[in-house]
Amino acid sequence: MNSTDQDFSTHMYTLSDFKDHINSLTENFGSIDDVMLNQVDNTQAEYNLEVYYSKPVLPTNSSVVSGAMIYPISNISEGITKPFDMKNITSIKKFIQSIESMNLNANNIFTTAQLVENQVLCYNWTISLQYQFLAMSHIYVLLDANPTYCQGDTTTNNS
């Protein structure tokens with residue numbers, strides 16, 4: 001970690017803290033275009049949960065990528081239902097006890113910014129919230145957000 005990086009480690013002391021954190025995240029992702037209507041387009045957004053288990057698990061309704069199991073999230077506003085039910089504390093506890101880490105990934109979130117009168121700058125965002133479960137009471141969370149220019153020109157005429 002260099003001197004410009006910040007440590008955004010967070011302590012969650014109860015399963016309810018983790019549940020509330022996940023609920024808040026999915027609500028925020030699901031309503032981002034309501035809050036920032038003119039600047040954010042998440043109509044093409046894709047969400048998934050990338051899970052690294054402590055022990056091998058047979059895939060069910062997921063795809064395996066580089067030792068991880070990927071669980072698509074079809075409707076982020078409804079939250080996470082696979083591989084755990086984010087509304088059920090017992091399901092969350094069982095899930096956390098079986099994993100080493102997980103990433104909540106969001107792709108194809110587009111933002112625009114007005115440069116000058118008729119030019120708009122467009123970015124396509126890839127966002128990953130990376131969770132490392134260091135202990136049941138200490139979860140390290142890292143936010144990795146990467147913007148790229150939208151396909152084509154970096155600016156568009158807004159006529």
Side-chain angles (χ1 to χ4, degrees), residues 1-113 123-148 150:
M1 182 182 310
N2 66 40
S3 60
T4 60
D5 289 339
Q6 293 182 358
D7 184 358
F8 291 104
S9 173
T10 186
H11 295 270
M12 295 180 206
Y13 296 102
T14 67
L15 290 172
S16 292
D17 290 345
F18 181 72
K19 176 181 166 273
D20 293 344
H21 171 78
I22 293 293
N23 281 330
S24 176
L25 266 173
T26 57
E27 286 174 12
N28 288 339
F29 271 127
S31 65
I32 195 166
D33 61 336
D34 294 337
V35 176
M36 304 177 74
L37 187 60
N38 294 328
Q39 299 144 341
V40 177
D41 175 9
N42 71 345
T43 57
Q44 299 176 53
E46 298 173 355
Y47 302 93
N48 69 59
L49 195 63
E50 181 179 355
V51 179
Y52 296 85
Y53 287 94
S54 304
K55 299 174 185 169
V57 175
L58 294 174
T60 55
N61 215 6
S62 66
S63 51
V64 179
V65 176
S66 302
M69 292 186 64
I70 307 295
Y71 298 89
I73 302 171
S74 57
N75 186 342
I76 194 71
S77 297
E78 293 178 5
I80 298 169
T81 57
K82 298 285 182 191
F84 65 94
D85 178 356
M86 66 185 238
K87 295 177 172 86
N88 181 306
I89 293 290
T90 304
S91 176
I92 293 170
K93 182 177 181 179
K94 185 177 177 183
F95 172 73
I96 289 175
Q97 290 173 336
S98 69
I99 68 169
E100 293 177 0
S101 64
M102 72 176 197
N103 301 333
L104 177 60
N105 301 312
N107 301 300
N108 297 325
I109 297 176
F110 296 94
T111 60
T112 56
Y123 288 105
N124 180 354
W125 290 84
T126 298
I127 300 169
S128 180
L129 285 152
Q130 303 165 0
Y131 296 83
Q132 292 180 347
F133 297 86
L134 305 175
M136 194 59 125
S137 64
H138 186 207
I139 302 169
Y140 181 78
V141 182
L142 175 67
L143 170 65
D144 185 21
N146 294 305
T148 57
C150 296

If only atom types and distance count, is the side chain of Asn42 paired as donor or acceptor with the main-chain N or O of Ala45 below 3.5 Å?
-> no
Interatomic distance, CG@Asn48 vs CE@Met69, rounded to 0.5 Å, equals 12.5 Å
Heavy-atom closest pair, residues Tyr53 and Val51 | CE1-CG1, 3.5 Å
Side chain Ser128, main chain Asp144, donor-acceptor under 3.5 Å | no
Can you measure from CG (Leu49) to OH (Tyr131) and round to the nearest 0.5 angstrom?
-> 9.0 Å
Please confirm whether the backbone N or O of Ile22 pairs with a side-chain atom of Thr26, one donor and one acceptor, at under 3.5 Å?
-> yes
Between Phe133, Tyr71, Tyr52, which is the residue that forms a side-chain contact (heavy atoms from CB on, under 4.5 Å) with Met102?
-> Phe133
Closest non-hydrogen contact found for Tyr123 with Cys150 is N-SG, 3.5 Å
For the residue pair Phe84 and Phe18, categorise the inter-ring angle as parallel (less than 30°), tilted (30 to 60°) or perpendicular (more than 60°).
-> tilted
Can you name the nearest heavy-atom pair linking Lys87 to Glu78, along with the distance?
-> NZ-O, 3.4 Å
Value rounded to 0.5 Å, distance of CD in Gln132 from CD1 in Ile99 | 11.0 Å
Nearest heavy-atom pair of Lys19 and Met86: which atoms, and what distance?
-> CG-O, 3.2 Å
State, to 0.1 Å, how close Ala106 and Ile109 come at their nearest heavy-atom pair, and which atoms those are.
-> CB-CD1, 3.8 Å
About how many Å separate CD of Glu50 and CG of Asn103, when rounded to the nearest 0.5 Å?
-> 4.5 Å
Interatomic distance, Asp17 atom CG to Ile139 atom CD1 [nearest 0.5 angstrom] = 8.5 Å
Nearest 0.5 Å please: distance from the NZ atom of Lys82 over to the CD1 atom of Ile73.
-> 13.0 Å
